[in-house]
Amino acid sequence: MEEVEPNLSPFLHKLFKEWDDRKARGLFHHDITTCEAKVLPGEHNFVAILIEGRDQKKRPTEFGMNQVLQPFHSEKFNFTKVKPEEVIFRFQETESDSAQYFDGAPPTVSASPSSILINVSPIGYCHVLLIPRVQECLPQRVDRESFLLAMYVAREARNPFFRVGYNSLGAFATINHLHFQAYYLKVQYPVEKAPTEKLTVIGNGVSISQLVQYPVSGFVFEGGSSLEDLSHVVSNACIFLQESNRPYNVLISESGKRVFLLLQCYAEKQTSGKASQEFLDMRINPAVWELGGHLVLKRRKDYDEASEATLCRFLVEASLSEAEFQELKCCVLEFLASASPEK
């Protein structure tokens with residue numbers, strides 16, 4: 001079992017308690033606490049976990065991977081259709097600007113503005129789904145209000161080991177109903193300790209850097225005069241990328257103080273026949289957690305033989321080329337500068 005810290009925030013204390021209750025009730029497809037995991041030696045210290053057959057038990061992807069923005073389809077699986085016992089709690093913003101939590105799961109998800117559900121196929125302790133304004137049936141696309149909600153959840157946790165993530169369509173989101181993910185992993189993610197190179201500071205004091213000496217291309221956002229300022233800049237970048245049909249993943253780190261925006265093209269390589277057979281056979285889906293350095297392996301052979309060199313080669317294949325990143329970087333920075341208020 002994950003060693004629980006003595007000084008948990010009220011939010012995490014309740015989340016852990018409710019998640020453990022759902023585990024005791026047998027609601028998960030596998031017991032994450034018995035899955036083998038290891039930190040690989042090397043420069044990055046990737047974390048590998050073995051969950052055999054996870055891809056067979058997960059809900060299937062019901063949309064094409066070639067479009068980042070797609071309309072919501074109510075006939076396909078969405079989070080209004082989950083079992084009531086999968087709901088951990090619901091919450092809403094109050095006038096005092098603090099989150100209010102309700103004891104006990106509501107009879108249906110539709111009873112509340114936003115919900116936190118268990119992920120029935122967890123890859124980490126307390127793996128949950130955050131569904132903003134669940135009954136509005138929003139498609140999987142970032143908007144400023146929903147992204148700010150995810151930032152507030154990260155801040156409410158007040159714990160660097162509880163991260164919030166987002167996968168766009170085309171970047172291994174598997175359900176086209178707006179959702180973020182989060183879980184607790186008591187280790188520093190490889191991407192969190194990767195070197196960065198500062199690019200610019202925009203109007204409200206938000207610093208933008210790029211990852212260097214890391215196999216995945218991406219941006220790091222931090223600073224600003226408030227969490228709202230930081231959230232606004234990152235969500236602007238996400239909106240630009242999704243409207244440009246560029247798949248991306250987001251990792252909200254350090255309780256909302258740092259945000260990683262990671263770029264990839266692996267689904268495109270899969271559909272165009274450009275992905276190498278070696279990695280297709282491994283069936284790794286490079287969503288936000290994998291790009292950040294926590295990789296789910298589904299075959300015993302791959303887990304036993306896992307090495308930093310192999311996983312680096314996989315992440316390089318999943319990511320943009322240096323030339324592609326440089327081109328996209330110019331477009332993103334130009335857009336953010338034009339959208340930024342003057343200092």
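Note that the structure is predicted; figures quoted are calculated from it, not measured. We count residues from 1, following the sequence as given.
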So L263 and S319, do their side chains get closer than 4.5 Å, heavy atoms only? no

Ion pair present between R299 and D302, side-chain N to carboxylate O less than 4.0 angstrom? yes

Given the rule in the side chain to side chain donor-acceptor pair (under 3.5 Å) test, do Q264 and N249 qualify, once you have shown the distances and angles that lead to the verdict? CA-CA 8 Å; Q264 66 155 296; N249 308 85; 2.8 Å; yes

Tightest non-hydrogen contact, residues P71 and N176, listed as O-ND2, 2.9 Å

Looking at K193, I want to see if its NZ is surrounded by more than 12 non-hydrogen atoms of other residues, nucleotides or ligands under 6.0 Å. yes

Step-by-step side-chain contact (heavy atoms from CB on, under 4.5 Å) determination, V201 to V206:
CA-CA 6 Å; V201 177; V206 173; over 6 Å; no

| Does NZ or CZ of K38 lie under 6.0 Å from the centre of the six-membered ring of Y303, at an angle within 45° of the ring axis? | yes

Taken to the nearest 0.5 Å, the spacing of L328 CG from L241 CG works out to 5.5 Å

**Message:** Whether D21 and K17 form a salt bridge (side-chain N of Lys/Arg under 4.0 Å from carboxylate O of Asp/Glu) is what I want to check.
**Reply:** no

Does the pair S115 and R90 meet the rule for a side-chain contact (heavy atoms from CB on, under 4.5 Å), with working shown?
CA-CA 4 Å; S115 293; R90 53 205 169 124; 4.2 Å; yes

Notebook entry, point to check: Does the side chain of V153 come within less than 4.5 Å of F180's, by heavy atoms?
Noted result: no

How about T310 and E305: do any of their side-chain heavy atoms sit closer than 4.5 Å?
-> no

Scanning both residues in full, the closest heavy-atom pair of G256 with M151 reads O-CE, 3.4 Å

- Message: Any heavy-atom pair between the side chains of L211 and T196 that's under 4.5 Å?
- Response: yes

* Asked: Looking just at side-chain N and O atoms, do S253 and E192 make a donor-acceptor pair shorter than 3.5 Å?
  -> yes

V216 vs V191 side-chain heavy atoms within contact, under 4.5 Å = no

Query raised in the report: Is there a donor-acceptor pair closer than 3.5 Å between any side-chain N or O of R283 and the backbone N or O of L297?
Result: no

Contacts satisfying ring-ring contact (aromatic ring centres under 6.0 Å, His included) that involve residues 198-218 (not counting sequence neighbours) are H44-Y214

Here the pair of heavy atoms bringing S207 nearest to K198 is OG-CE, 3.5 Å

Requested in this report: Show your reasoning for whether ring pair (Phe, Tyr, Trp, His ring centres under 6.0 Å) applies to Y125 and F16.
Outcome: CA-CA 9 Å; Y125 180 72; F16 285 9; 5.0 Å; yes

Correct closest heavy-atom pair for A267 and G170 would be CB-O, 3.6 Å

Interatomic distance, OG@S231 vs CZ@F221, rounded to 0.5 Å, equals 11.5 Å

Quiz item: Between E268 and K274, does at least one N-O distance fall below 4.0 Å, as a salt bridge requires?
Solution: no

Residues at least two apart in sequence or cross-chain that pass ring pair (Phe, Tyr, Trp, His ring centres under 6.0 Å) with H294, listed by chain then number, are Y183

request  = Check whether any side-chain N or O of S146 sits under 3.5 Å from a backbone N or O of D143 as a donor-acceptor pair, and report yes or no.
outcome  = no

message: Counting only heavy atoms from other residues, nucleotides and ligands, does the tally under 6.0 Å from CD of E334 exceed 12?
response: no

Of N236, D229, V234, the one forming a side chain to side chain contact (heavy atoms under 4.5 Å, CB included) with H232 is N236

Between the CD1 atom in I175 and the CG atom in N167, the distance rounded to the nearest 0.5 Å is 11.0 Å

- [ ] Would you please say whether a donor-acceptor pair under 3.5 Å links the side chains of E324 and S321?
- [x] yes

On a heavy-atom basis, the closest approach of Y189 and G292 is CD2-O, 3.5 Å

Worksheet item: Is it true that a side-chain atom of H177 and a backbone atom of F79 form a donor plus acceptor pair closer than 3.5 Å?
Response: yes

Rounding to 0.5 Å, atoms SG (C331) and CG (L336) come to a distance of 11.0 Å

(Q) Do I51 and I32 make a side-chain contact, defined as non-hydrogen atoms from C-beta onward lying under 4.5 Å apart? (A) yes

S114 side-chain N/O to R133 backbone N/O, donor-acceptor pair under 3.5 Å: yes

Hits for salt bridge (Lys or Arg N to Asp or Glu O under 4.0 Å) against E254, two or more places apart or cross-chain, chain-then-number order -> R258

| request: Give the intermediate values and the outcome of ring pair (Phe, Tyr, Trp, His ring centres under 6.0 Å) for residues Y184 and F162. | output: CA-CA 4 Å; Y184 178 89; F162 185 82; 7.5 Å; no

In short, F28 meets R22 closest at the heavy-atom pair CE1-C, 3.9 Å

The ring pair (Phe, Tyr, Trp, His ring centres under 6.0 Å) partners of Y248 (sequence neighbours excluded) come to Y166

Taking 4.0 angstrom as the limit, do R313 and E317 come out as a salt bridge?
no

In short, ring-ring contact (aromatic ring centres under 6.0 Å, His included) pairs touching residues 309-334 with sequence neighbours left out are F219-F325, Y266-F314, F279-F314

* Do H179 and Q140 have side-chain N/O donor and acceptor atoms under 3.5 Å apart? -> yes

Sequence neighbours excluded, the answer for side chain to side chain donor-acceptor pair (under 3.5 Å) partners of K329 is Q210, Q326

**Q.** Candidate pair I208 and I202, rule side-chain contact (heavy atoms from CB on, under 4.5 Å), full reasoning
**A.** CA-CA 8 Å; I208 307 174; I202 60 175; 4.2 Å; yes

Heavy atoms, side chains only, cut-off 4.5 Å: are V82 and F77 in contact? yes

task: For residues I49 and E36, determine if any side-chain heavy atom of one lies less than 4.5 Å from a side-chain heavy atom of the other.
output: no

